[in-house]
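Accompanying notes for the structure given below.
Just so it is clear: chains get the letters A, B, ... in the order the sequence lines come, proteins before strands, and each one is counted from 1.
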There are 2 protein chains.
Amino acid sequence: MDVEQTKIPQATAKRLPLYYRFLNNLHSQGKLRVSSKELSEAVKVDSATIRRDFSYFGALGKKGYGYNVEYLLSFFRKTLDQDETTEVALIGVGNLGTAFLNYNFTKNNNTRIQIAFDADHSRVGTEVGGVKVEHVDDLEDKIGRVSVAILTVPSAAAQGMAERLVEAGVTAILNFTPARITVPSHVRVHHIDLAIELQALVYFLKHYPLEEAVEEE
Amino acid sequence: MDVEQTKIPQATAKRLPLYYRFLNNLHSQGKLRVSSKELSEAVKVDSATIRRDFSYFGALGKKGYGYNVEYLLSFFRKTLDQDETTEVALIGVGNLGTAFLNYNFTKNNNTRIQIAFDADHSRVGTEVGGVKVEHVDDLEDKIGRVSVAILTVPSAAAQGMAERLVEAGVTAILNFTPARITVPSHVRVHHIDLAIELQALVYFLKHYPLEEAVEEE
DNA sequence: CTCACTATGTGAAACATTTAACGACTTATG
DNA sequence: CATAAGTCGTTAAATGTTTCACATAGTGAG
Ligand SMILES: NC(=O)c1ccc[n+]([C@@H]2O[C@H](COP(=O)([O-])OP(=O)(O)OC[C@H]3O[C@@H](n4cnc5c(N)ncnc54)[C@H](O)[C@@H]3O)[C@@H](O)[C@H]2O)c1
Ligand SMILES: NC(=O)c1ccc[n+]([C@@H]2O[C@H](COP(=O)([O-])OP(=O)(O)OC[C@H]3O[C@@H](n4cnc5c(N)ncnc54)[C@H](O)[C@@H]3O)[C@@H](O)[C@H]2O)c1
């Protein structure tokens with residue numbers, strides 16, 4: 001597959017899975033076509049932004065008509081590699097890790113948590129969400145060719161585990177710990193820092209007032 | 001408090017809680033000063049960006065010296081309103097909701113989940129993470145003056161619950177459901193869409209190659 | 001077949017964010 | 001005290017993203 005499309009802005013790339021999901025919804029509702037304006041209302045992204053995003057992939061729509069849902073969907077399916085499942089490992093079967101294992105990411109989605117590890121012997125051997133929990137000591141033996149990992153260990157263990165994961169061949173980490181981990185430059189890390197998201201929301205609430213609340217009449 | 005600081009870029013505002021957390025770490029390690037360069041390595045944000053961010057608040061540092069950790073920390077404590085606790089409601093005590101209730105957001109943080117609601121009678125009355133679970137029918141009665149809500153209900157229930165929350169006075173929602181909810185313009189919604197984050201990570205992995213992995217010698 | 005309408009795709013402008021570069025001041029050192 | 005080294009705060013440039021606005025082309029009703 002041509003890796004030459006590196007021109008697509010990152011902001012656009014982050015919206016693709018969102019478009020894909022809503023297109024799927026429309027498709028299963030039996031809708032045959034959709035305009036950028038309709039899609040805009042559903043995903044809360046400006047319609048011009050949607051058209052711009054789509055245009056990076058060429059002319060996907062028809063003037064005066066809109067987009068054919070089926071065509072667009074199959075285009076994105078290819079673009080997002082929805083036909084091949086990406087296997088994911090999860091490290092740390094605690095509160096968050098358990099929630100993720102119980103959640104079926106594969107519903108609308110090409111990713112599946114294939115294997116889980118924990119350091120707590122009492123968890124090892126149990127099955128959570130259909131995935132057997134392995135001991136973290138066996139990580140190198142059992143992780144196989146999985147290249148994506150979700151990290152939900154205590155923050156003190158994050159850096160150490162990241163290093164082991166990288167050593168074992170992982171090249172993408174979704175890090176839910178508050179630790180900012182250091183990895184070699186060929187490894188991609190996305191941080192999802194829930195405490196910060198909550199604090200930031202509160203900060204915006206207090207310092208960036210939106211339009212005045214309208215009392216009902 | 002002056003709401004006139006609306007000049008601070010949103011990108012900066014989102015980083016403030018991160019700075020605050022690391023400053024706290026440094027402080028408890030007994031560090032007295034820190035340079036933008038050191039901080040940069042810890043939080044993985046370019047040092048020029050850090051200096052620029054800080055400069056929106058005036059001259060917090062000393063040339064040739066860096067920043068005084070204690071001073072900076074107390075400045076951010078005020079700025080982020082860390083002295084008053086913000087009360088938060090959680091709607092939907094399922095997998096994710098339970099994880100959040102069990103997590104102590106207050107550790108380093110001015111937010112606390114104060115009250116939780118669920119529709120499932122078998123959960124109501126139980127206590128999760130020290131928070132009693134109320135029935136969602138009592139939401140309007142019991143939510144009080146809480147203005148921030150975390151939404152972890154099934155996506156089909158998201159829009160309806162959002163409307164009830166807004167009606168009950170909530171003005172900020174952290175939405176973990178895949179549904180893109182519609183709210184009045186005075187309500188702030190932040191979406192955290194975990195399935196999309198995972199898909200986006202996979203997309204970047206495949207289409208935005210980083211530097212070539214170096215085989216060990 | 002005609003024509004009013006609709007909605008795309010995009011050039012250009014507006015806006016937002018990051019990064020580079022450096023003068024100015026501080027501290028440390030001999 | 002003079003000088004070297006360090007680090008901020010900021011101006012300006014570079015980069016990235018969103019939005020506007022409209023020519024254009026295809027649609028669909030009559
Ligand atoms: N739960 C939340 O709502 C929440 C919110 C924000 C951030 N976080 C962060 O997410 C991470 C996980 O949170 P949690 O609430 O699930 O914690 P948790 O303590 O419930 O789970 C951590 C799990 O990791 C396991 N573990 C410990 N060391 C390990 C290692 N070296 N290798 C593999 N497994 C190991 C533990 O046995 C445990 O099962 C933490 O870093 C936490 O700060 C969680
Ligand atoms: N668990 C995950 O890892 C994960 C990942 C991505 C997205 N999500 C999304 O987060 C949301 C919650 O996920 P989950 O795994 O915790 O689901 P869940 O089914 O475990 O929990 C949902 C809870 O909400 C309760 N509920 C249902 N209707 C309600 C209502 N009207 N009012 C109050 N409570 C109600 C249910 O009784 C249940 O306890 C879902 O929208 C899901 O799509 C979850």
Side-chain angles (χ1 to χ4, degrees), chain A residues 5-16 18-19 22-23 26 31-73 75-76 79 180 185 191 200 203-204 207-208, chain B residues 5-16 18-19 23 26 31-73 75-76 79 180 191 200 203-204 207-208:
Chain A
Q5 285 180 325
T6 314
K7 312 298 171 30
I8 293 152
Q10 302 220 351
T12 296
K14 285 202 199 159
R15 283 187 291 264
L16 297 181
L18 183 63
Y19 297 145
F22 277 83
L23 251 9
L26 292 177
K31 283 212 77 171
L32 299 178
R33 62 144 129 169
V34 66
S35 68
S36 59
K37 189 147 161 290
E38 279 176 281
L39 205 48
S40 167
E41 277 150 28
V43 301
K44 316 287 181 199
V45 171
D46 189 274
S47 69
T49 301
I50 292 178
R51 292 199 299 282
R52 167 74 75 221
D53 283 348
F54 287 3
S55 78
Y56 291 115
F57 298 98
L60 302 177
K62 271 218 206 72
K63 300 190 175 185
Y65 174 89
Y67 301 89
N68 178 297
V69 171
E70 182 128 15
Y71 175 74
L72 205 50
L73 191 59
F75 181 85
F76 278 121
T79 302
R180 256 34 191 185
S185 61
H191 292 274
Y203 183 84
F204 279 118
H207 297 269
Y208 291 67
Chain B
Q5 285 179 324
T6 313
K7 312 297 171 30
I8 293 153
Q10 303 221 351
T12 296
K14 285 201 199 161
R15 283 187 292 264
L16 298 182
L18 183 64
Y19 296 146
L23 251 9
L26 292 178
K31 284 212 75 172
L32 298 178
R33 60 144 130 171
V34 66
S35 68
S36 60
K37 189 148 160 289
E38 279 176 282
L39 206 47
S40 167
E41 277 149 30
V43 300
K44 316 286 181 200
V45 171
D46 188 275
S47 69
T49 302
I50 293 178
R51 290 199 300 282
R52 157 76 79 252
D53 283 349
F54 288 4
S55 78
Y56 291 115
F57 298 98
L60 302 177
K62 270 220 207 70
K63 302 188 176 185
Y65 173 90
Y67 301 89
N68 178 298
V69 172
E70 181 127 16
Y71 175 74
L72 204 52
L73 190 59
F75 180 85
F76 278 122
T79 302
R180 254 35 189 185
H191 293 274
Y203 183 84
F204 279 118
H207 295 80
Y208 290 67

Over how many whole Å does the gap from [X] atom [atom1] to [N] atom [atom2] extend?
{"X": "A/E41", "N": "C/dA7", "atom1": "CD", "atom2": "P", "result": "11 Å"}
{"X": "B/F57", "N": "D/dT10", "atom1": "CZ", "atom2": "P", "result": "14 Å"}
{"X": "B/Y65", "N": "D/dG9", "atom1": "OH", "atom2": "P", "result": "13 Å"}
{"X": "B/I50", "N": "C/dT19", "atom1": "CD1", "atom2": "P", "result": "11 Å"}
{"X": "B/L60", "N": "D/dT7", "atom1": "CG", "atom2": "P", "result": "17 Å"}

How close do B/L32 and B/Y65 get, heavy atom to heavy atom, and via which atoms?
O-OH, 4.4 Å
Side-chain contact, heavy-atom cut-off 4.5 Å: [X] with [Y]?
{"X": "A/Y67", "Y": "A/I50", "result": "no"}
{"X": "A/I8", "Y": "B/Y203", "result": "yes"}
{"X": "B/R33", "Y": "B/K62", "result": "no"}

Determine, for nucleotides 16-24 of chain D in 5'-to-3' order, which nucleotides have protein heavy atoms under 4.0 Å from the base (write B), from only the sugar-phosphate (write S), or from neither (write -).
-SSBBB--B
Give the nucleotide from the list C/dT26, D/dC8, D/dG26 with an atom nearest to the side chain of B/K62.
C/dT26
Supply the atom-to-atom distance B/R51 CZ to B/D46 CG, rounded to the nearest 0.5 angstrom.
8.0 Å
Reckon A/Y67 has a side-chain N or O less than 4.0 Å from the OP1 or OP2 of D/dG26?
no
Are OP1 or OP2 of D/dG28 and a side-chain N or O of A/R33 less than 4.0 angstrom apart?
yes
Answer with base, sugar-phosphate or nothing: what part of the nucleic acid does A/S36 contact at a heavy-atom distance below 4.0 Å?
sugar-phosphate
Please work out whether the ring planes of B/F76 and B/Y19 are parallel, tilted or perpendicular, with thresholds of 30° and 60°.
tilted
Need to verify one output field. Residue with the more 5' nearest nucleotide on DNA chain D, B/S55 or B/E38?
B/E38
